[in-house]
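Both counts, for ligands and for their atoms, begin at 1 and track the order of listing.
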Amino acid sequence: MRKILVTGAQGQIGSELVPALRERHGAGSVVASYHRTKPSDEDGLVEHLDCTDPEQLEDVVRRHDIGVIYHLAALLSAVAEEKPQAAWDINMGSLFNVLEVARRHDCALFFPSSIGAFGPNTPKLKTPQDTIQRPNTMYGVTKVSGELLCDYYVARYDLDARGLRFPGLISYVAEPGGGTTDYAVDIFYHAIRHGRYTCFLRPDTRLDMMYMPDAVRAAYELMDAAPNVLRHRNAFNVTAMSITPEELAASIRDHIPDFVIDYAVDPVRQAIADSWPQSMDDSEARAQWGWSPQFGLGGMTADMLEKLGRKLAPRTEDAP
Ligand code: AKB
């Protein structure tokens, strides 16, 4: 079997997708590539790779006989707004190189798009699969351009490129790195460590979210779907819950009754959040390839608090 390459394997999605793919296909079938931080596990195949360098990419794909690429390496929304030129170079430059190497080596490709691919004049409620996409952030511009570029390669070169529009992702494994929806992860660390959290978004900011186990499953289930059932390719709306900071805080209070939230709004991230949908319609993903989330707000909160609580608990050898 040809191998699977996961770029950005040390990021939020990659940290959980790589073990899931290794579990499904065997450790020797998945190559995890990193750019800055070397993965700690030495068990699987690991490569240092800068995806903006086409020669490095070509070398890894050829040496490992790669047949599927999950291209996760990218800058997230808040960082991309701080460094728009770097965001264009990294997000679009790497995607173009990945598409080209996939075309030459006949690889299938997974591309993660985002709720960021929508903009202020997109319908905010039940945001349809096919609708207005005029984002006003550099992150969103790279996501829409990425969706279009992937669909171009599907139509022009018959490349098997598929993608999801992920909502904010909540995970206890990797800490988030520069997203607008990061509050929904940070809040759990602060709830467990300090019993309080200062949120950078307004209490009523409603956004789609998803627990990482659902996100990881969505990615490989889409890639597993038979091509003839897919009427769309890049990218499918997928969501699991549509929540506000005050609703998430209330759900945490079901487990930590004294938990306190207050607010110090960051105007940059608030403006980004205000430009995004409040709840996506993911009925096309459900109908075309059977998407169905397993975690809602209550289930996700309970699991996050349990797993993160265990991860943050002092180890016995650290005890005085
Ligand atoms: C971000 O906030 O940038 C990401 C996303 C919604 O794409 N989590």
Side-chain angles (χ1 to χ4, degrees), residues 8 10-17 70-84 86-88 90-92 94-95 110-120 122 124 127 133 135-147 150 163-189 199-202 205-216 218-219 234-245 248 265-280 282 285 293 300 304:
Q10 284 296 83
Q12 213 196 355
I13 304 175
S15 313
E16 290 182 60
L17 180 64
Y70 287 81
H71 177 48
L72 307 179
L75 296 190
L76 291 182
S77 56
V79 177
E81 237 14 61
E82 266 167 38
K83 307 177 198 167
W88 177 265
I90 293 168
N91 294 8
M92 292 313 295
S94 68
L95 177 61
F110 174 81
F111 167 70
S113 186
S114 157
I115 48 173
F118 298 113
T122 299
K124 286 212 179 301
T127 304
Q133 290 184 264
N136 58 1
T137 63
M138 179 51 93
Y139 180 67
V141 168
T142 66
K143 289 301 180 189
V144 179
S145 309
E147 290 185 9
C150 287
L164 298 172
R165 292 185 187 127
F166 277 130
L169 298 177
I170 301 172
S171 150
Y172 60 90
V173 175
E175 292 187 36
T180 302
T181 55
D182 288 6
Y183 91 83
V185 180
D186 290 341
I187 194 171
F188 285 98
Y189 281 83
C199 183
F200 56 78
L201 295 182
R202 277 194 321 265
T205 309
R206 183 170 297 286
L207 292 168
D208 285 295
M209 298 280 173
M210 187 181 291
Y211 196 30
M212 192 61 86
D214 275 335
V216 161
N234 297 279
F236 282 95
N237 288 0
V238 280
T239 185
M241 61 195 97
S242 160
I243 57 170
T244 65
L248 181 51
V265 172
D266 167 11
V268 175
R269 283 181 287 188
Q270 186 65 55
I272 296 174
D274 288 342
S275 76
W276 289 352
Q278 294 182 358
S279 66
M280 280 188 291
D282 61 3
M300 176 278 293
M304 267 300 275

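- Remark: side-chain polar atoms of Lys124 are paired, donor with acceptor, to backbone N or O of Asp274 under 3.5 angstrom.
- Asn234 places a side-chain N or O within 3.5 Å of a backbone atom of Gly163 that can act as its donor or acceptor partner.
- Of the possible polar contacts, one joining the Ser242 side chain to the Gln278 backbone as a donor-acceptor pair under 3.5 Å is found.
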Evaluation steps, side-chain contact (heavy atoms from CB on, under 4.5 Å), between Asp208 and Ser279
CA-CA 5 Å; Asp208 285 295; Ser279 66; 4.2 Å; yes
Between ligand 1 and the protein, find all N/O pairs closer than 3.5 Å and give the distance for each.
from, atom 1, to, atom 2, distance (Å)
ligand 1, 2 (O), Ser77, OG, 3.4
ligand 1, 2 (O), Thr180, N, 2.7
ligand 1, 2 (O), Thr181, N, 3.1
ligand 1, 2 (O), Thr181, OG1, 3.2
ligand 1, 3 (O), Ser77, N, 3.0
ligand 1, 3 (O), Ser77, OG, 2.5
ligand 1, 7 (O), Ser114, OG, 2.6
ligand 1, 7 (O), Tyr139, OH, 2.6
ligand 1, 8 (N), Thr181, OG1, 2.9

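- Classified by interplanar angle (parallel below 30°, tilted 30° to 60°, perpendicular above 60°), the ring pair Tyr172/Tyr211 is tilted.
- Here the closest heavy-atom approach between residue Glu81 and residue Tyr139 is recorded as OE1-N, 4.2 Å.
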